[in-house]
Amino acid sequence: MECAGKRSRTPCGGPPTRLCHRCRAVAYCSLSHQVSHRTAHKRECERLEQQMKRCGVLNDFPFTFTQTATQIQDTTCSVLADNGIHQLGMWMCECSCGVSSSFDNLRLTNRWNLPSELCPCKGPSSPKPECMSTWKDYYEWRCIPLSSPAALLLHWPLTVYWAIQLATIKNLLPQISNELRIHYLGPEKELLQLAVFGELQALFPGVDVHIDLIGPAIPHLRDGEKTDLYTYAQCNEPDCECKSTFESHRERKTNCRSCAITVQLHAGFYHDCYRELIKDSSPHIIIAPNAGIAAYTSWLPTLEVIREMKVPVVFSDYCEEASHLAAACITSVTCAPPTIQIQINPFRQPIRVEESVLHLPCYSNCFLFGF
């Protein structure tokens, strides 16, 4: 956590250990900083107090590692190390001791580094349930035990799935038929974890899914790079069926009309490159994970563009307060509150974000909202 009064005229005198006695969502390094911040905090204190009351719901996951994963300190490394995947492959970006924020030299890693029983390395053995709305539902459908850490990466495709369900329920998006075009804004970690989006084959069977990932974190040398995900990310067992499936798909690839999932990278901000992207066809939906709308001024022109495009958009953010501030920004641009009201994402990443400004529980893709 950071001291909420760090912008005071005097520098911080130590760690922020002094919590606001009412909301307990902000902390201060000293009494003087708490007093100097009192007027500003008064406007948000009651709202943060209500958000803190929902901690129990946010920390509620069905996994066997939930108790460790919802602690505040040293969470991620512990969970990854316990499962033997610390700093391996797609997991490298999941803790602070992993790779740097530069993705210039990173390429597709298509392995879970987990045994087959702990990851969805093959197609589902049964049709997708009509009503799948929890991690427990998903794990049961994919025959994965609740001890598996796979959800730490699967929250990306499952959030896409749930965002589409919400947009469909609100009649912002028609029922999906045989094609789904998604503009996915602001990817970062996902650039090393693209293989997990192969799970969209199971979530949208028989649908050709094309995802354009657009954002400033994409290196210009990878601009335009296209990846066909024609199978699932593989387990670490050499004799598993997923290896033969991968080889057979690779052999047939040149004869296929299209692949189930196509991912293409585009460097830059959406408002700078959207015209080129919609030349041939517009997206069915725009999805912006962990958007941080209120934190980045670059979102203002992007929101204007999306409003003019009249395409449904779903955002996610790490905590309820960030979502509240984002909704206020959206309302100022669109002159209307979000059509999809702020709500908890059932497929949020089940591991707590360690570095947070507030004492609120923060999870990747924690809350969803949109218009």
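Owing to the predicted nature of the structure, the values given are computational and were not obtained by experimental measurement.
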Point to revise | Heavy atoms of other groups near E46 CD, more than 12 under 6.0 Å | key: no

Review point. Do you know which of C3, C20, P16 makes side chain to side chain contact (heavy atoms under 4.5 Å, CB included) with V26?
Key: C20

Study note, to complete from the structure: Interatomic distance, CG@L185 vs CD1@I214, rounded to 0.5 Å, equals 5.5 Å

Exercise for review: Taking the six-membered ring for Trp and the single ring otherwise, decide whether the centroids of F269 and W299 are under 6.0 Å apart.
Suggested key: no

Exercise for review: Determine, using the 4.5 Å side-chain heavy-atom cutoff (strictly less than), whether L360 and Y363 are members of one ILVMFWY cluster.
Suggested key: no

Review point. Does a side-chain N-to-carboxylate-O contact under 4.0 Å join R142 and E199?
Key: yes

Practice item. Report yes or no: does T331 contribute a side-chain atom to a donor-acceptor pair with the main-chain N or O of A327 at less than 3.5 Å? Key: yes

Review point. Side-chain heavy atoms under 4.5 angstrom apart, residues restricted to Ile, Leu, Val, Met, Phe, Trp, Tyr: same cluster for F367 and L48?
Key: no

Practice item. Could you please spell out the steps behind the side chain to side chain contact (heavy atoms under 4.5 Å, CB included) verdict for L303 and I330? Key: CA-CA 7 Å; L303 289 174; I330 291 171; 4.3 Å; yes

Check your understanding: Between the side chain of E237 and the main-chain N/O of S116, is any donor-acceptor distance below 3.5 Å?
Key -> yes

Practice item. Please tell me if the side chains of N83 and S147 come closer than 4.5 Å, counting only heavy atoms from C-beta onward. Key: no

Check your understanding: Distance-only, no hydrogens or angles: does the D137 side chain make a donor-acceptor pair with backbone N or O of S133 under 3.5 Å?
Key -> yes

Review point. Does T66 reach the main-chain N or O of F61 with its side chain, forming a donor-acceptor pair under 3.5 Å?
Key: yes

Practice item. Determine whether I144 and C119 make a side-chain contact, defined as any pair of heavy atoms from C-beta on separated by less than 4.5 Å. Key: no

Review point. Under 3.5 Å, side chain of Q343 to main-chain N/O of Q341, donor-acceptor pair present?
Key: yes

Practice item. Taking the side chain as every heavy atom from C-beta outward, state whether L58 and I344 have any atom pair closer than 4.5 Å. Key: yes

Practice item. Assess the side chains of H86 and T76: does a donor N or O sit below 3.5 Å from an acceptor N or O? Key: no

Review point. CG of N236 to CD1 of I85: how many Å apart, nearest 0.5 Å?
Key: 10.5 Å

Review point. Would you say the side-chain atoms of Y139 pair up with the backbone N or O of A151, donor to acceptor, closer than 3.5 Å?
Key: yes

Practice item. Measure the OG1-NE2 distance between T39 and H41 for me, rounded to the nearest 0.5 Å. Key: 11.5 Å

**Study point:** Q67 atom CD, over 12 foreign heavy atoms within 6.0 Å
**Key:** no

Review point. Can you name the one residue among K122, E117, K243 that meets side chain to side chain contact (heavy atoms under 4.5 Å, CB included) with C235?
Key: K243

Review point. If you group Ile, Leu, Val, Met, Phe, Trp and Tyr by side-chain heavy-atom gaps below 4.5 Å, do V160 and W141 land in one group?
Key: yes

Review point. Just by modelled atom types, is the F347 backbone N or O under 3.5 Å from a matching donor or acceptor in the N345 side chain?
Key: yes

Review point. Of the non-hydrogen atoms in Q201 and L229, which two are nearest, and what is the gap between them?
Key: NE2-O, 3.5 Å

**Study point:** Pairwise distance SG(C319) to NE2(H324) - rounded to 0.5 angstrom
**Key:** 11.0 Å

Review point. Which atom pair, heavy atoms only, marks the closest approach of P289 to S316?
Key: CA-OG, 3.1 Å

Point to revise | Single-linkage hydrophobic cluster M132~L146, side-chain heavy atoms < 4.5 angstrom | key: yes

Review point. Is there a donor in the side chain of E321 and an acceptor in the side chain of Q51, or the other way round, less than 3.5 Å apart?
Key: yes

Point to revise | Presence of salt bridge, R181 and E179, under 4.0 angstrom | key: yes

Practice item. For residues S8 and S32, determine if any side-chain heavy atom of one lies less than 4.5 Å from a side-chain heavy atom of the other. Key: no

Check your understanding: Considering all heavy atoms of both residues, which atom of I286 and which atom of M309 are nearest to each other, and what is their separation?
Key -> CD1-CE, 4.2 Å

Review point. Which atom names give the shortest non-hydrogen contact between W135 and R348, and what distance separates them?
Key: NE1-O, 3.0 Å

Study note, to complete from the structure: Across all chains, not counting sequence neighbours, the ring pair (Phe, Tyr, Trp, His ring centres under 6.0 Å) partners of F371 are none

Check your understanding: Which heavy-atom pair separates L166 from L368 by the least distance, and what is that distance?
Key -> CD1-CD1, 3.8 Å

**Study point:** Parallel, tilted or perpendicular: ring planes of F65 versus F63, cut at 30 and 60 degrees
**Key:** parallel

Review point. Is it true that the side chains of Q193 and E94 contain a donor and an acceptor less than 3.5 Å apart?
Key: yes

Study note, to complete from the structure: To the nearest 0.5 Å, atom OG of S148 lies from atom CG of L154 at 7.5 Å

Study note, to complete from the structure: To the nearest 0.5 Å, atom CG of L152 lies from atom SG of C95 at 11.5 Å

**Study point:** Charged N-O contact under 4.0 Å between R22 and E49
**Key:** yes

**Study point:** Within-4.5 Å side-chain heavy-atom neighbours: R18 and C29
**Key:** no

Practice item. Please name the pair of heavy atoms, one in W156 and one in S364, separated by the smallest distance, quoted to 0.1 Å. Key: CH2-OG, 3.9 Å

Exercise for review: State, with a plain yes or no, whether a side-chain heavy atom of R111 is found less than 4.5 Å away from one of M90.
Suggested key: no

Review point. Stepwise, does the side chain to side chain contact (heavy atoms under 4.5 Å, CB included) test hold for V79 with I351?
Key: CA-CA 9 Å; V79 173; I351 194 163; 4.0 Å; yes

Review point. Are L191 and L277 grouped together when hydrophobic residues (ILVMFWY) are joined by side-chain heavy atoms under 4.5 angstrom apart?
Key: yes

Exercise for review: Show the numbers, then the answer: is there a side chain to side chain contact (heavy atoms under 4.5 Å, CB included) between L200 and L203?
Suggested key: CA-CA 5 Å; L200 292 173; L203 295 167; 4.0 Å; yes

Point to revise | Working for side chain to side chain contact (heavy atoms under 4.5 Å, CB included), residues T227 and L265 | key: CA-CA 9 Å; T227 301; L265 307 184; over 6 Å; no

**Study point:** Crowding at NZ, K128 (>12 non-hydrogen neighbours, <6.0 Å)
**Key:** yes

Practice item. Determine which pairs satisfy ring-ring contact (aromatic ring centres under 6.0 Å, His included) with at least one residue from residues 165-192, sequence neighbours left out, and list them in order. Key: H183-Y270, Y184-F197

Check your understanding: Are side-chain heavy atoms of L31 and Q34 found at a separation under 4.5 Å?
Key -> yes

Review point. Side chains of I340 and V314: does their closest heavy-atom pair fall under 4.5 Å?
Key: yes

